[in-house]
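Residue numbers start at 1 and run along the sequence shown.
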Amino acid sequence: MKEDADSWKIFLVWLKERGLDGVKLVVGDKCLGMCNAVAEVFPEAKYQRCTVHFYRNVFSVVPQNKMREVTRMLKAIHAQESKEAARKKAKDVVDQLKAMRLKEAAKKVEDGIEETLTYMDFPSQHWLKIRTNNVIERMNREIRRRTRVVGTFPDGKSALMLVCARLRYVSGKEWGSKRYLCMKYLTESNFDIA
């Protein structure tokens with residue numbers, strides 16, 4: 001599947017037509033096609049860039065011998081207890097990166113940090129679960145692993161059947177029955193993401 005805005009828009013409209021509403025947050029990996037489609041189909045939803053993908057993007061311009069230090073610096077931003085504290089820490093990190101002569105990394109942090117802090121607009125009990133899209137990626141890895149074992153499929157329907165069988169298996173096991181987020185935190189009167 002192409003990841004352009006039209007493909008994402010078709011998919012999101014299909015979800016909306018099937019009854020998906022009240023979308024408050026979309027977590028993604030900065031796929032511009034998805035970002036544009038989400039803004040069009042669910043304009044009330046906020047966008048959270050996956051922190052793991054953000055780190056990888058910064059690491060792409062960091063030398064190997066500086067990786068551990070930069071990792072620690074980036075994680076310190078997202079370990080803050082408030083959005084304002086995280087913004088302040090990000091500014092300090094940008095200054096440190098510039099002092100380390102990592103100007104490209106500093107620019108990536110400066111330009112992208114705000115969209116990685118959206119999760120802080122939601123209840124703190126949810127922060128660890130909504131700041132990354134790794135749960136979906138883990139499932140995608142499992143599906144890729146299963147389809148590689150088979151190798152080739154006679155048609156698209158047989159591939160779809162295997163994927164659906166795997167998803168059905170997962171949803172029927174313990175992982176599928178665990179509650180991912182406690183929604184009572186979103187409905188409490190003191191929480192408002194407007």
Side-chain angles (χ1 to χ4, degrees), residues 3 8 12 15 20-32 34-35 37-39 42 44-60 62 66-94 96-97 105-106 108-145 166-167 169-194:
E3 289 202 26
W8 276 107
L12 295 173
L15 289 175
L20 180 63
D21 66 351
V23 176
K24 303 223 182 291
L25 180 69
V26 175
V27 183
D29 60 1
K30 187 65 180 200
C31 170
L32 293 179
M34 181 188 72
C35 293
V38 166
F42 297 110
E44 69 284 355
K46 292 185 175 195
Y47 176 73
Q48 165 65 37
R49 182 174 180 188
C50 173
T51 55
V52 175
H53 284 90
F54 173 68
Y55 292 175
R56 288 180 193 153
N57 189 250
V58 174
F59 295 154
S60 70
V62 173
K66 306 270 189 196
M67 199 70 72
R68 183 172 283 174
E69 186 177 0
V70 172
T71 300
R72 182 185 49 74
M73 293 162 62
L74 292 174
K75 286 184 176 183
I77 295 170
H78 295 100
Q80 301 302 308
E81 293 184 14
S82 72
K83 200 171 193 176
E84 286 308 311
R87 285 177 177 141
K88 183 180 180 320
K89 187 65 174 176
K91 186 180 178 328
D92 293 342
V93 166
V94 167
Q96 286 177 302
L97 290 170
K108 286 182 182 288
V109 172
E110 196 169 41
D111 292 348
I113 195 64
E114 193 62 33
E115 62 195 358
T116 71
L117 301 177
T118 307
Y119 72 94
M120 291 182 163
D121 294 336
F122 290 82
S124 60
Q125 296 88 344
H126 293 174
W127 286 6
L128 285 177
K129 306 247 181 171
I130 63 173
R131 69 183 195 177
T132 179
N133 63 354
N134 282 351
V135 170
I136 295 168
E137 294 212 359
R138 189 176 332 129
M139 177 56 66
N140 288 339
R141 253 191 331 268
E142 174 64 13
I143 289 169
R144 273 193 301 275
R145 184 181 74 78
R166 191 65 196 156
L167 292 173
Y169 172 81
V170 168
S171 69
K173 293 296 179 189
E174 183 181 331
W175 191 73
S177 63
K178 287 183 180 176
R179 181 170 42 184
Y180 192 66
L181 298 174
C182 182
M183 301 314 280
K184 77 175 186 176
Y185 298 120
L186 288 173
T187 58
E188 289 178 351
S189 60
N190 63 350
F191 175 70
D192 182 28
I193 62 164

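- Nearest heavy atoms, Phe122 versus Lys24: CZ-O, 3.6 Å.
- Closest heavy-atom contact between Phe54 and Lys108: CE1-O, 3.6 Å.
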Worksheet item: Could you walk me through whether His78 and Leu117 pass the side-chain contact (heavy atoms from CB on, under 4.5 Å) check?
Response: CA-CA 8 Å; His78 295 100; Leu117 301 177; 3.8 Å; yes

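- Not one N or O on the side chain of Tyr47 forms a donor-acceptor pair closer than 3.5 Å with the backbone of Thr118.
- When all heavy atoms are compared, the tightest approach of Val27 to Asn133 is CG1-N, 3.8 Å.
- Among all heavy-atom pairs drawn from Met34 and Trp8, the shortest one is N-CD1, 3.4 Å.
- Interatomic distance, Leu74 CG to Ile113 CD1, rounded to the nearest 0.5 Å: 7.0 Å.
- Within the 3.5 Å criterion, the main-chain N or O of Tyr119 finds a donor-acceptor partner in the side chain of Trp127.
- Sparse packing is recorded around NZ of Lys88, with 12 or fewer heavy atoms of other residues, nucleotides or ligands lying under 6.0 Å away.
- Considering CG of Asp111 and CG of Asn57, their distance stands at 10.0 Å, rounded to 0.5 Å.
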Practice prompt. Apply the test side-chain contact (heavy atoms from CB on, under 4.5 Å) to residues Lys46 and Glu115: give CA-CA distance (whole Å), side-chain angles for both, the deciding distance (0.1 Å), then the verdict.
Written response: CA-CA 9 Å; Lys46 292 185 175 195; Glu115 62 195 358; over 6 Å; no

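- Here the straight-line distance linking atom NZ of Lys89 with atom CE of Met73 works out to 8.0 Å at 0.5 Å rounding.
- Residues passing the side chain to side chain contact (heavy atoms under 4.5 Å, CB included) test with Arg145 are Glu142, sequence neighbours excluded.
- Considering every non-hydrogen atom in both Ile77 and Ala86, the closest pair reads O-CB, 3.5 Å.
- Closest approach of Glu44 to Val23, counting heavy atoms only: CG-O, 3.7 Å.
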Worksheet entry | Candidate pair Glu137 and Cys50, rule side-chain contact (heavy atoms from CB on, under 4.5 Å), full reasoning | CA-CA 11 Å; Glu137 294 212 359; Cys50 173; 5.8 Å; no

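- Taking Ala105 as the reference, Val58, Val61, Val62, Leu97, Leu102 meet the side chain to side chain contact (heavy atoms under 4.5 Å, CB included) condition, with sequence neighbours excluded.
- In this structure, the side chain of Gln48 does not engage the main chain of Gly28 through any donor-acceptor pair within 3.5 Å.
- Listed by chain and residue number, nothing satisfies the side-chain hydrogen bond (donor to acceptor under 3.5 Å, both in side chains) test with Thr51 (two or more places apart in sequence, or in another chain).
- Taken to the nearest 0.5 Å, the OG1 atom of Thr116 stands 13.5 Å off from the NE2 atom of His53.
- The distance from the CD1 atom of Ile130 to the CG atom of Leu25 is 5.0 Å, given to the nearest 0.5 Å.
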Worksheet item: After noting the C-alpha distance and the side-chain angles of Arg87 and Gln80, does the key distance pass the side-chain contact (heavy atoms from CB on, under 4.5 Å) rule?
Response: CA-CA 9 Å; Arg87 285 177 177 141; Gln80 301 302 308; over 6 Å; no

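- The main-chain N or O of Thr71 is never found under 3.5 Å from a side-chain atom of Tyr55 such that the two would form a donor-acceptor pair.
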